[in-house]
Amino acid sequence: MGKNTRGEFHLTPVYFMRSLFFLRLLDFFFPLHCGICGREDFFSLKIGLCKRCANATRTFEPAYRCNICSSPLSNSSDVCGFCDSRNVFFTRVFSLRDRNDLLGELLNKLKSNNEYPVSIFLSLGIRRTLRELKTLNMDACILLPSYSNGKIFNSDLRPFSPSSRLYEETRRILKIPLIDPLMKTSSERQAGKSFSERFFHAYSAWEIKPNWKDRCPSKILLLDDVFTTGASVNEACRILKKNGTKSVYVLTYLRVSD
């Protein structure tokens, strides 16, 4: 993976092909077992979860969704109360699945253990979503940066991090550069905070990097692991729009639907 003078990351073809060959070699000598129960069947070999556990992850598909954040609605209203009553800076949110306890456990496994089989299952359906996004002609994508052990880092630089497969597919299908305009200045985590506390904390947790001030691309795709209250991505989108971006679309593995 290289970085050019504009701060854009590129996965070189040689690096990508070597990584792909290495993964295929691992699949041959070490067949994938279910990322939840450890069983091996046809499904685990293909998607990283056995058929029984894959069925257990299914969630109820609502008849109506918000046109902006995709949260379930009880009627055919265009937008939910959240998007209608607050300053919402993202253009639209795309999530591959609604979160349930088992899917939450899968995401935690990916975040804590970097488990490759889990990333395969969580990413099912991403190609269909990205083909829909392709018609929007995005200029660039970003991964929401994290704060860990006293320093800022971007999850795209770690193999099998929560958003790495999202970026891998985004790069392949949308063919847009990965840029790095944001930094997180707070070491506090959103987890464990109340709904309102998340928004208050997010407001002071992000900054634009000096070399990106007033220079952000017009149309950005923001990649993250889960959409919970929307506080973090909303604040990131506010800062991007303040610095030149016109529209920000968000893509996540999961969204919290209750």
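Atoms considered below: every heavy atom in the structure, side chains included; atoms not considered: hydrogens, waters and symmetry mates.
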Heavy-atom closest pair (R97 atom, F121 atom, distance to 0.1 Å) is NH2-O, 3.4 Å
| query | Is there side-chain contact between V233 and V248, with heavy atoms separated by less than 4.5 Å? | reply | no
- Is there a path of hydrophobic side-chain contacts, each under 4.5 Å between heavy atoms of I, L, V, M, F, W or Y residues, that connects I239 with F89? no
_Quick one, Y167 and L251 - any side-chain contact, counting heavy atoms below 4.5 Å?_
no
dist D139:CG -> C141:SG (nearest 0.5 Å) comes out at 11.0 Å
Does some side-chain heavy atom of R52 sit less than 4.5 Å from a side-chain heavy atom of C37? yes
Heavy-atom nearest pair, L222 first then L144, reads CD1-CD1, 4.0 Å
>> Is the shortest side-chain heavy-atom distance between C34 and C53 below 4.5 Å?
In response: yes
Rounded to the nearest 0.5 Å, the CZ atom of R131 sits from the CZ atom of R128 at a distance of 9.5 Å
All heavy atoms of D98 vs all of R255, minimum pair found to be OD1-CG, 3.3 Å
Considering only heavy atoms from C-beta outward, does the side chain of P181 approach that of K209 to under 4.5 Å?
no
Exercise. Would you kindly confirm whether I36 and L107 end up in one hydrophobic cluster when ILVMFWY residues are joined by side chain heavy atoms under 4.5 Å apart?
Key: yes
The reported gap from CD1 in I126 to OG1 in T170 (rounded to nearest 0.5 angstrom) is 5.0 Å
Open item on the list: I'd like to know if the side chain of K109 and the backbone of V118 have a donor-acceptor N/O pair within less than 3.5 Å.
Closed with: no
same_hphob_cluster(V79, V88) at 4.5 Å side-chain heavy-atom cutoff: yes
Distance col, row D41:CG vs H33:NE2, nearest 0.5 angstrom, shows 10.0 Å
Within a strict 4.5 Å, meaning less than it, do heavy atoms of the L122 and L96 side chains meet? no
Taken to the nearest 0.5 Å, the spacing of K134 NZ from R127 CZ works out to 13.0 Å
For R172 and K175 the tightest heavy-atom approach is O-NZ, 3.0 Å
Step-by-step side-chain contact (heavy atoms from CB on, under 4.5 Å) determination, T252 to V226: CA-CA 5 Å; T252 69; V226 61; 5.6 Å; no
Under 4.5 Å between side-chain heavy atoms, counting indirect links through other Ile/Leu/Val/Met/Phe/Trp/Tyr residues: same cluster for V93 and Y64 or not? no
Discussion item. Under the criterion side-chain contact (heavy atoms from CB on, under 4.5 Å), I'd like the reasoning laid out for R99 against Y253: C-alpha separation, chi angles, the key distance, then a yes or no.
Written reply: CA-CA 9 Å; R99 183 190 181 280; Y253 287 114; over 6 Å; no
**OP:** Measure the acute angle between the ring planes of F90 and F82, then classify it against the limits of 30° and 60° as parallel, tilted or perpendicular.
**Re:** parallel
On a heavy-atom basis, the closest approach of W206 and S232 is NE1-O, 4.0 Å
Minimal heavy-atom distance between T91 and S247, with the atoms involved, is OG1-CB, 3.2 Å
task: Side-chain contact test, heavy atoms from C-beta onward, threshold under 4.5 Å: evaluate it for R171 versus L178 and give yes or no.
output: no
Practice task
Without swapping roles, check the side chain of T245 against the backbone of P217 for a donor-acceptor pair under 3.5 Å.
Solution key: yes
How about N55: does its CG atom have over 12 heavy atoms from other parts shown lying under 6.0 Å from it? yes
Between the CD1 atom in I142 and the CD1 atom in I220, the distance rounded to the nearest 0.5 Å is 5.5 Å
- Query: Any chain of hydrophobic side-chain contacts (each under 4.5 Å) joining F42 to L124?
  - Reply: yes
What do the steps show when you test L182 against I208 for side-chain contact (heavy atoms from CB on, under 4.5 Å), and what is the final call?
CA-CA 5 Å; L182 297 174; I208 191 75; 4.2 Å; yes
Open item on the list: Does any part of the side chain of L45, heavy atoms only, come nearer than 4.5 Å to the side chain of E40, both counted from C-beta?
Closed with: yes
